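The structure appears right after this line, and notes come after that.
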Protein chains: 2
Amino acid sequence: MTPSSGQNAQADRPHTGRRRNERVREAILAAAMDLLAHSDGTPVTVDTIARAAGVGKQTIYRWWPSKGAVFLDALSERAATVAPEVDTGALAGDLEAFVTATFTGAAAPETAPVLRSLAREAAHDRHLAGMMSEFTAARRAALRDILERAGRRGELAGDADLDLMVDQVYGVLWYRLILDHAPLTADVAVRLARTLVAASAAR
Amino acid sequence: MTPSSGQNAQADRPHTGRRRNERVREAILAAAMDLLAHSDGTPVTVDTIARAAGVGKQTIYRWWPSKGAVFLDALSERAATVAPEVDTGALAGDLEAFVTATFTGAAAPETAPVLRSLAREAAHDRHLAGMMSEFTAARRAALRDILERAGRRGELAGDADLDLMVDQVYGVLWYRLILDHAPLTADVAVRLARTLVAASAAR
DNA sequence: CTCTTGCCGAGACTTTTGGTCTCGACATGA
DNA sequence: TCATGTCGAGACCAAAAGTCTCGGCAAGAG
């Protein structure tokens, strides 16, 4: 509270002064993505990003609450890679398309290191961890929609555990993405999708 | 390289002087586990561990290469919780027992926070990340053994992807453990085990 | 017993990094 | 023309990992 005068001096007064420079924003996000993608395992620091973008550190912190938030923003920017909301009319088709798009999108050489770094940062950044939670929840919801649609068509067994199915997909995705001990190819995606369909089909 | 005299002065000379105090080792591991288990999200620092164990920081670094190594050691100590190498003679039984033991063991209130913290630390600790890699690889191998045994008994379809099955188990485990958005109960474990069996059964 | 060796607790110190603060320059619109 | 708010630059602060040093002391060798 502690109002100065009127109701809300900040909201009422129109914006004056110099405006935000869009070029700067783009430069920061681009530099962040670039450093993340080409990082040789060494963590990407804020100073490095600022230096690479030719920007003051304060300019970064003026617009993003934490380093991780920049990463997430940078990723979301190019996340037109999001799974296409297909609807083939049958679970098998929908699921195979979704999982394949998700897996190959995540494993792509320009996104995989970003996701890995994002996960690393989230481990020590409360802000980012929260954002990642929302992000992953949204992705789960999208997949769950596909399954529920199939359920309404009567394609699923009555006792099928949709949440478990969803987590099987994203569990394998992140587990392999981070441990990097096995591939995340379209082939694997199709296999996994078929596994899920086979195990949950209405009897 | 750079030998002083003879072959290896260090290895030849028998150990003299004060010996390592086992009590100290135990105190450090116990303090680490305790702080990890009761951590309210705030990261556990080395100073905190040393303080809690009534120990000098150097004493920790004398015996462990990094903070994460202490955590891993502490966990391994109590990891008699490892899945029991059962052999019921059939895939369904073996898998259900293994996955249930693994899930409930990992989700137990005294181990879950430790695993979470371990994952967090591994994100920024090269040493620990390597150790975790070995650790998880060993767990995967144990599960894979069960599946291969079933394969030799002819219980699996010829084109079953054992690695994918393994990763579905550990993927769901870690994904739910870390995101904490859904439970890791025995019920879920059994469902998952049955799903895998159903989808991979020999046709 | 006594002496050397090496562990122990304590804490100062170094380095890295995320994040804040301040400053002079300058763009923007009233 | 002038208040407002952004910009780059860099000093500054705080937290935490890891190193170094020191006095004390336990354990075995002689």
Side-chain angles (χ1 to χ4, degrees), chain A residues 4 9-29 31-32 35-36 39 41-72 117-118 120-129, chain B residues 9-29 31-32 35-36 39 41-72 117 120-129:
Chain A
S4 48
Q10 270 184 309
D12 292 348
R13 180 154 39 73
H15 186 284
T16 59
R18 185 175 185 172
R19 308 308 171 80
R20 179 176 190 178
N21 186 348
E22 186 61 20
R23 306 279 286 276
V24 166
R25 179 177 164 276
E26 286 162 13
I28 292 171
L29 294 182
L35 289 171
L36 232 41
S39 156
T42 48
V44 180
T45 74
V46 178
D47 282 277
T48 314
I49 297 175
R51 203 63 70 85
V55 146
K57 233 178 8 157
Q58 181 57 30
T59 301
I60 293 181
Y61 283 107
R62 197 194 320 278
W63 300 109
W64 290 275
S66 72
K67 188 179 64 160
V70 178
F71 290 154
L72 191 64
S117 298
L118 219 42
R120 274 214 304 270
E121 295 297 333
H124 284 296
D125 184 331
R126 296 193 157 291
H127 244 101
L128 181 59
Chain B
Q10 270 185 311
D12 293 349
R13 184 158 34 73
H15 186 285
T16 60
R18 187 177 184 170
R19 308 308 171 79
R20 177 175 192 180
N21 186 348
E22 186 61 19
R23 306 278 287 275
V24 166
R25 180 177 163 276
E26 285 163 13
I28 292 171
L29 294 183
L35 289 171
L36 233 41
S39 157
T42 48
V44 180
T45 73
V46 177
D47 281 278
T48 314
I49 298 175
R51 204 63 70 86
V55 146
K57 228 175 11 155
Q58 181 57 31
T59 302
I60 293 180
Y61 282 108
R62 197 195 320 277
W63 301 108
W64 289 276
S66 75
K67 188 178 65 160
V70 178
F71 290 155
L72 191 63
S117 297
R120 272 214 304 270
E121 295 298 331
H124 283 297
D125 183 333
R126 296 193 157 290
H127 243 101
L128 181 59

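In this text the structure is predicted, and so the values were computed from the model without any measurement. Quick note on labels: first sequence line is chain A, next is B, and so on, each numbered from 1.
We find that NZ of A:K67 is positioned 14 Å from P of C:dT20, with the value rounded to whole Å. Between the CG atom of B:D47 and the P atom of C:dA10 there is a distance of 12 Å, given to the nearest Å. Rounded to an integer number of Å, the gap from CZ of A:R62 to C1' of C:dA27 is 13 Å. Atom NE2 of A:H124 and atom C1' of D:dA15 are 13 Å apart (whole Å). Atom P of nucleotide C:dG19 and atom CZ of A:R126 are separated by 13 Å, given to the nearest angstrom. Rounding to whole angstrom units, CG of residue B:D125 and P of D:dA17 are separated by 10 Å. Atom CD in B:E26 sits about 12 Å away from atom P in C:dC8, given to the nearest Å. Atom CZ in A:R23 sits about 18 Å away from atom P in C:dC26, given to the nearest Å.
Residue A:W63 places at least one side-chain N or O closer than 4.0 Å to OP1 or OP2 of D:dC7. For A:T45 and C:dT17, the shortest distance from a side-chain N or O to OP1 or OP2 is not below 4.0 Å. At the phosphate of C:dT20, neither OP1 nor OP2 sits under 4.0 Å from any side-chain N or O atom of A:Y61. The phosphate of D:dG5 has neither OP1 nor OP2 within less than 4.0 Å of any side-chain N or O from A:R19.
Side-chain to base pairing of B:K57 with C:dG11: no donor and acceptor N or O lie closer than 3.5 Å to each other. For A:R18 and C:dT28, a side-chain-to-base donor-acceptor distance below 3.5 Å is absent, hydrogens and geometry of angles not being considered.
Between B:G68 and B:D125, the shortest heavy-atom contact is N-OD2, 3.4 Å.
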A:L29 vs A:W64, test: side-chain contact (heavy atoms from CB on, under 4.5 Å). Steps then yes/no.
CA-CA 11 Å; A:L29 294 182; A:W64 290 275; 3.8 Å; yes

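The backbone N or O of B:V44 sits less than 3.5 Å from a side-chain atom of B:K67, completing a donor-acceptor pair.
Mapped onto DNA chain C by nearest heavy atom, B:G17 and B:V55 fall at different nucleotides, with B:G17 at the one closer to the 5' end. Of the residues near DNA chain D, B:E121 and A:E22, the one whose nearest nucleotide (by heavy atom distance) lies more toward the 5' end is A:E22.
A cation-pi arrangement, defined by a distance under 6.0 Å to the six-membered ring centre and an angle within 45 degrees of its axis, is absent between B:R19 and B:W63.
Contacts classified as salt bridge (Lys or Arg N to Asp or Glu O under 4.0 Å) and involving residues 49-64 of chain B (residues at least two apart or in different chains) are given here: B:D47-B:K57.
The side chain of B:Q58 sits closest to D:dC20 out of D:dC20, D:dC7, C:dG18.
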